[in-house]
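All values below were derived from every heavy atom in this structure, side-chain atoms included, with hydrogens, water molecules and symmetry-related copies excluded.
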Amino acid sequence: PLTGNPLLESRLWLSCHDVEEANAEVAKQIWAERGAGVSPMFAPPLVALLSHDADYVRTAACKAIAGALVEHPKAVAATLGRLQDVFEANLAYEVLEARGALKKKSVEELMAMPVGEETDEEKEAKEKITKSYIRASVAIIMRECGRAKVMSTED
């Protein structure tokens, strides 16, 4: 069965948000036939995919998380808190390393530096920060939540 298995359910839900529309449509048909909503335990298996190497997997995971938040508006605060924790955990090492190397220059200051005007050390630090998949993933989730007006839910 397609219910009662959080990992299987999350992968099917992920497929409903595939970047390839044909794949998403097939997954949505299967989802509808299974006759159940998104599990309240949707977040952990999907959050784990935010650091996947493939951009299309990260994008689908972002949209799946945002879609699940529409289904479970009471989970918004906890899920966004978890995403912030994941974001900080995945970016913290690189940011701390960059800040230490750059004498506590803020990430904002570092990233605002014009290309070509930074030192080699600053350029390397910027590249490390930019490569963080989590940062982009959180931004996509926030955008998708905003589109669905999840953020304004008063539950």
Side-chain angles (χ1 to χ4, degrees), residues 1-99 106-113 115 124-155:
L2 295 176
T3 58
N5 182 330
L7 184 59
L8 180 59
E9 289 177 12
S10 72
R11 293 309 187 255
L12 180 56
W13 183 249
L14 175 76
S15 297
C16 290
H17 298 86
D18 196 298
V19 295
E20 292 291 329
E21 193 58 38
N23 294 342
E25 287 305 315
V26 170
K28 287 174 185 174
Q29 289 173 358
I30 295 168
W31 185 265
E33 289 173 15
R34 79 185 257 286
V38 180
S39 166
M41 301 302 295
F42 69 88
L46 295 173
V47 169
L49 296 174
L50 297 179
S51 60
H52 195 280
D53 289 341
D55 180 58
Y56 68 92
V57 173
R58 293 190 309 272
T59 300
C62 292
K63 291 181 177 187
I65 291 169
L69 290 173
V70 171
E71 300 274 330
H72 296 285
K74 290 182 179 183
V76 170
T79 302
L80 293 181
R82 172 74 178 120
L83 290 171
Q84 182 176 351
D85 292 345
V86 170
F87 172 80
E88 290 172 359
N90 282 275
L91 191 59
Y93 173 77
E94 293 170 352
V95 171
L96 291 174
E97 182 181 11
R99 283 186 181 164
S106 75
V107 174
E108 291 79 17
E109 290 172 317
L110 179 65
M111 298 308 285
M113 293 179 69
V115 173
E124 182 179 340
K126 283 174 72 172
E127 288 171 356
K128 286 180 180 179
I129 293 167
T130 302
K131 288 179 182 176
S132 172
Y133 297 145
I134 301 297
R135 183 177 185 176
S137 297
V138 171
I140 292 170
I141 292 166
M142 297 297 286
R143 183 188 70 219
E144 293 296 318
C145 286
R147 283 185 184 163
K149 298 187 181 1
V150 170
M151 305 302 286
S152 62
T153 301
E154 295 291 328
D155 286 303

**Distance (rounded to the nearest 0.5 Å) between E25 CD and S15 OG** = 12.5 Å
**Prompt:** What closest approach, in Å, do L49 and R58 show between heavy atoms, and which atom pair accounts for it?
**Reply:** O-CG, 3.7 Å
**Request:** Check I65 against F42 and note the closest heavy-atom contact, atom names and distance.
**Result:** O-CE1, 4.1 Å
**Request:** Provide the closest heavy-atom pair for A61 versus L50 in the form atom of the first, atom of the second, distance.
**Result:** CB-CD2, 4.0 Å
**Fill in**
Note: A64 and L14 closest approach over all heavy atoms is CB-CA, 4.1 Å
**Message:** Working to the nearest 0.5 angstrom, can you tell me the gap between C62 SG and D55 CG?
**Reply:** 9.0 Å
**Item:** Heavy-atom closest contact (W31 atom, E9 atom, distance)
**Value:** CZ3-O, 3.6 Å
**Prompt:** Hey, what do you get for CG (L12) to NE2 (H17), rounding to the nearest 0.5 Å?
**Reply:** 10.5 Å
**Request:** Calculate, to the nearest 0.5 Å, the distance between atoms CG and NZ belonging to L46 and K63 respectively.
**Result:** 14.5 Å
**Request:** Could you tell me the separation between the OG1 atom of T79 and the CZ atom of R82, rounded to the nearest 0.5 Å?
**Result:** 10.0 Å
**Complete:** Closest heavy-atom pair, P45 versus M41, reported as atoms and distance to 0.1 Å, is CD-O, 3.7 Å
